[in-house]
**Student:** 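Here it is: the structure, laid out below.
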Amino acid sequence: MSEIDDIRMQVMWNRLISVVEEQAMTLLRTAFSTSVREAGDLSAGVFDPKGRMLAQAVTGTPGHVNTMAEAVGNFMAEIPRAEMYEGDTYVTNDPWKGTGHLHDITMVSPSFLDGELVGFFACTAHVVDVGGRGFGADGKSVYEEGIQIPIMKFAERGAVNRDLVRILRQNVREPNQVVGDFYSLAACNDVGHRRLVEMMREVGLPSLDPLADFIFTRTSSAMAERIRALPKGSWSNTMVTDGYDEAIPLAACVTIRDESVHVDFTGSAPVSRWGINVPIGYTKAYASYALKCVVAPDIPNNWASLGFFTVSSPVNILNAERPAPVSLRHVLGHLVPDLVLGAVADALPGQVLAEGAASLWNIHLSLRPVAGNAGRRAEVLMFNSGGMGARPGLDGLSATAFPSGVHTMPIEATEQTGPVVIWRKELRPDSGGDGTYRGGLGQIIEIAAAEGHEFDFSAMFDRITYPARGRAGGGQGAPGGVRLDDGTKMRGKGWQHVPAGRRLLLTLPGGGGYGPPEGRSDAARHDDAIKGYVTESEH
């Protein structure tokens with residue numbers, strides 16, 4: 001390939017990225033659920049005719065993007081090429097063929113140019129409700145957790161499956177939001193398809209094969225070079241997490257070979273009877289993300305780069321099989337990067353950040369009028385983040401969602417979705433672990449139902465009993481906490497009740513510190529005190 005051809009392919013690669021960015025922005029602009037519209041809990045990507053991911057949108061979570069990268073192959077296995085038509089859109093929320101739990105809807109659409117299949121577009125988003133017990137850990141099997149949609153056609157030749165829409169409406173608590181999000185997902189793929197066809201016609205490209213070869217060849221070469229430069233061997237790490245009603249041990253062994261990195265999760269806890277189990281696809285998604293953050297953060301994330309990472313595990317809490325309950329698979333799934341990076345830190349000392357809050361402190365509120373009162377019912381989902389671990393050379397970021405990367409919904413948007421009042425949402429002083437570099441701060445959030453209302457809430461929290469650990473001599477972050485404003489202690493997981501007139505107080509965990517505390521400069525400590533990040537009592 002000549003230098004001119006190389007430049008031309010690079011331009012088309014950049015164009016392809018702009019196509020998937022517009023695809024994702026369509027979903028952000030049209031979504032009904034605040035988890036999608038405000039928090040960006042979604043993914044979007046384009047695939048070649050073999051189902052290999054070519055490019056992903058910048059907007060999106062690793063748990064969605066990296067599981068979606070494998071999900072397209074599952075769709076292709078279920079729907080034969082002879083039954084794919086222009087205008088089709090396929091859908092599933094199967095946790096083992098999609099992204100790990102029923103609340104994530106994955107849609108895949110074939111893209112045709114002049115009657116020839118040239119690729120696929122896929123997108124994923126978290127919807128506010130899928131029926132069942134509601135978003136929480138209390139289900140004893142996946143059958144209790146909501147409606148299950150096998151891989152099927154949402155639309156055929158542009159005609160929407162009305163029977164599926166009617167079934168959805170009958171099975172969820174917020175039918176308008178959920179059905180609206182289904183149409184948003186379909187529109188997202190449609191926009192991607194139209195932009196791709198426009199690009200291919202403009203540049204005279206009848207097939208994506210040459211571009212796919214260019215992308216994958218260069219990605220593979222760059223990844224192989226990075227992995228060859230790593231030390232070779234095996235390194236292990238263990239972690240204890242809160243679990244539901246008992247502590248949950250997790251274990252990982254990272255093996256670096258000449259041109260691949262393998263992670264094995266043997267030694268992790270058995271499958272739980274609660275909905276905190278993780279399908280292996282989601283575990284792999286976050287293990288791969290953690291490795292890529294260290295090995296090759298600047299190399300594009302696609303089929304070729306992900307192919308250098310492999311995962312194995314016996315059946316356990318990080319490789320749960322159907323029909324295990326998996327609604328809160330994200331809680332332990334978000335801790336997988338800290339688990340994996342703890343092993344990598346031994347192989348690459350001085351290059352890995354300390355542990356952080358990791359798991360999002362999601363909370364689902366089910367609001368209703370007090371008996372005898374007029375009012376409004378609503379299902380409200382909030383995403384909240386604790387502190388990141390300190391980095392080698394930098395303090396940890398406060399109230400930042402690592403590894404998921406989602407945003408926190410503005411309280412103004414949350415309060416518009418139901419009779420809820422957020423009385424307080426602020427950084428939590430003294431929550432970052434001490435060290436040469438301080439851990440990121442958690443938050444304090446105070447929530448109440450509007451006057452005349454009460455609510456149940458699903459707690460999905462971790463790092464309460466076992467806080468984030470520091471690295472290289474740094475101190476641990478502050479543990480999280482859940483209580484009412486009268487001091488009543490609440491559980492970290494499960495559905496619970498908050499009576500009218502009471503407020504729920506969440507204190508989110510902080511990130512661990514990096515390096516010995518005595519190494520922190522006087523100027524940095526003074527700055528912490530001036531900003532209120534650390535109080536006088538903590539000096």
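When reading the values below, keep in mind they use all heavy atoms of this one structure, side chains included, and skip hydrogens, waters and symmetry mates.
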**Student:** Taking the side chain from Asn74 and the backbone from Lys97, do they hold a donor-acceptor pair closer than 3.5 Å?
**Tutor:** yes

**Student:** Are the ring centres of Phe135 and His126 closer than 6.0 Å?
**Tutor:** yes

**Student:** One thing to verify: whether Asp129 and Arg173 come together as a salt bridge, which I'm taking to mean a side-chain N less than 4.0 angstrom from a carboxylate O.
**Tutor:** yes

**Student:** Under 4.5 Å between any side-chain heavy atoms of Leu328 and His330, yes or no?
**Tutor:** yes

**Student:** Might you point out which heavy atoms bring Arg169 and Asn176 nearest each other, and give the distance in Å?
**Tutor:** NH1-OD1, 3.0 Å

**Student:** Below 4.5 Å, heavy atoms only, C-beta onward: do Pro392 and Tyr514 meet side chain to side chain?
**Tutor:** yes

**Student:** At what distance, to the nearest 0.5 angstrom, does CG of Leu318 lie from CG of Leu339?
**Tutor:** 7.5 Å

**Student:** Val165 vs Phe154, test: side-chain contact (heavy atoms from CB on, under 4.5 Å). Steps then yes/no.
**Tutor:** CA-CA 9 Å; Val165 172; Phe154 175 70; 4.2 Å; yes

**Student:** Mark yes or no for whether His453, through its side chain, and Arg376, through its backbone, hold a donor-acceptor pair below 3.5 Å.
**Tutor:** yes

**Student:** Return the minimal non-hydrogen interatomic distance between Ala343 and Asn237, and the atom names on each side.
**Tutor:** N-CB, 3.5 Å

**Student:** Can you check whether Arg391 reaches Leu397 side chain to side chain, under 4.5 Å on heavy atoms?
**Tutor:** yes

**Student:** Would you say that Phe383 contacts Thr408 through its side chain, given a criterion of any heavy-atom pair below 4.5 Å between the two side chains?
**Tutor:** no

**Student:** Would you say Gln416 has more than 12 foreign heavy atoms packed within less than 6.0 Å of its CD?
**Tutor:** no

**Student:** Does this structure show an ion pair linking Glu355 with Arg471, if we count only N-O contacts that are shorter than 4.0 Å?
**Tutor:** no

**Student:** Are Phe309 and Tyr289 an aromatic pair, judged by ring center distance below 6.0 Å?
**Tutor:** no

**Student:** Quick one: pull up CE in Met239 and CG in Leu335 and give me the separation to the nearest 0.5 Å.
**Tutor:** 5.5 Å

**Student:** Between Arg463 and Gly356, is there a donor-acceptor pair closer than 3.5 Å when you use the side chain of the first and the backbone of the second?
**Tutor:** yes

**Student:** For Tyr286 and Asn66, test the side chains for any donor-to-acceptor distance below 3.5 angstrom and give the result as yes or no.
**Tutor:** no

**Student:** Have Thr106 and Thr124 got a donor and an acceptor in their side chains that come within less than 3.5 Å?
**Tutor:** yes

**Student:** Could you give the distance from CG (Leu365) to OG1 (Thr414), rounded to the nearest 0.5 Å?
**Tutor:** 8.5 Å

**Student:** Would you call Asp462-Lys493 a salt bridge at under 4.0 Å N-O?
**Tutor:** yes

**Student:** How many angstroms lie between atom CZ of Arg424 and atom CD1 of Ile422, to the nearest 0.5 angstrom?
**Tutor:** 12.5 Å

**Student:** Can you tell me if Gln148 and Asp94 form a side-chain donor-acceptor pair at under 3.5 Å?
**Tutor:** no

**Student:** Would you find a donor on one side and an acceptor on the other, under 3.5 Å apart, between the side chain of Arg428 and the backbone of Leu508?
**Tutor:** yes

**Student:** Give a yes or no answer on whether the side chain of Gln23 reaches the backbone of Ala122 with a donor-acceptor pair at less than 3.5 Å.
**Tutor:** yes

**Student:** Okay, side chain of Asn93, backbone of Ile105: is any donor-acceptor separation there less than 3.5 Å?
**Tutor:** no

**Student:** Can you check side-chain contact (heavy atoms from CB on, under 4.5 Å) on Val91 and Leu164, steps first, answer last?
**Tutor:** CA-CA 10 Å; Val91 65; Leu164 174 57; 4.0 Å; yes

**Student:** In Å and rounded to the nearest 0.5 Å, what is the OG1 to CE distance from Thr92 to Met152?
**Tutor:** 9.5 Å

**Student:** Would you check if Pro509 and Trp361 make a side-chain contact, meaning some heavy-atom pair closer than 4.5 Å?
**Tutor:** yes

**Student:** When Ser366 is tested against each of Glu379, Arg377, His497 for side-chain contact (heavy atoms from CB on, under 4.5 Å), which residue passes?
**Tutor:** Glu379

**Student:** Could you walk me through whether Arg329 and Asp104 satisfy the side-chain contact (heavy atoms from CB on, under 4.5 Å) test, starting with their C-alpha distance in whole Å, then the side-chain angles of each, then the deciding distance to 0.1 Å, before giving a yes or no?
**Tutor:** CA-CA 11 Å; Arg329 55 82 169 105; Asp104 284 344; 2.4 Å; yes

**Student:** Strictly distance-based, threshold 3.5 Å: is any side-chain N or O of Asp181 a donor or acceptor partner for the main-chain N or O of Ala31?
**Tutor:** no

**Student:** Side chain of Gln496, backbone of Gly494: donor and acceptor closer than 3.5 Å?
**Tutor:** yes

**Student:** Is it true that His262 and Thr310 share a donor-acceptor pair across their side chains at a distance under 3.5 Å?
**Tutor:** yes

**Student:** Hey, does the side chain of Ser272 reach the backbone of Asn277 with a donor-acceptor pair shorter than 3.5 angstrom?
**Tutor:** no

**Student:** Do Asp264 and Ser312 pass the side chain to side chain donor-acceptor pair (under 3.5 Å) test, and can you show the C-alpha distance, the side-chain angles, and the key distance before you say yes or no?
**Tutor:** CA-CA 5 Å; Asp264 183 75; Ser312 63; 2.6 Å; yes

**Student:** Evaluate the side-chain proximity of Val127 to Gln177: yes if any heavy-atom separation is below 4.5 Å, no if none is.
**Tutor:** no

**Student:** State whether Asp245 and Arg491 are salt-bridged, where the test is any N-O pair (Lys NZ or Arg NE/NH1/NH2 against Asp/Glu carboxylate O) under 4.0 Å.
**Tutor:** no

**Student:** Considering only heavy atoms from C-beta outward, does the side chain of Phe32 approach that of Val179 to under 4.5 Å?
**Tutor:** no

**Student:** Does Thr30 offer a backbone N or O that forms a donor-acceptor pair with the side chain of Ser184 under 3.5 Å?
**Tutor:** yes

**Student:** Out of curiosity, Met68 CE to Thr61 OG1, how far, rounded to the nearest 0.5 Å?
**Tutor:** 9.5 Å

**Student:** Does Arg133 make a cation-pi contact with Trp495 (under 6.0 Å, within 45 degrees of the axis)?
**Tutor:** no

**Student:** Between Ala354 and Gly513, which heavy-atom pair has the shortest distance, and what is it?
**Tutor:** CB-O, 3.5 Å

**Student:** Check step by step if side-chain contact (heavy atoms from CB on, under 4.5 Å) holds for Leu306 and Met53.
**Tutor:** CA-CA 10 Å; Leu306 290 173; Met53 187 168 72; 4.1 Å; yes

**Student:** Does a side chain donor of either Thr89 or Ser109 reach within less than 3.5 Å of an acceptor in the other side chain?
**Tutor:** yes

**Student:** Can you see which heavy atom on Pro419 is nearest to which on Ala378, and at what distance?
**Tutor:** CD-CB, 3.9 Å

**Student:** Nearest heavy-atom pair of Pro479 and Ile464: which atoms, and what distance?
**Tutor:** CB-O, 3.2 Å

**Student:** Are Phe265 and Val340 packed together at the side-chain level, in the sense that at least one heavy-atom pair is separated by less than 4.5 angstrom?
**Tutor:** yes

**Student:** Grab the two heavy atoms, one from Gly134 and one from Ser327, that are nearest each other, plus how far apart they are.
**Tutor:** O-OG, 4.5 Å

**Student:** Could Asp485 and Arg502 be called an ion pair, given the rule that one side-chain N must be under 4.0 Å from one carboxylate O?
**Tutor:** yes

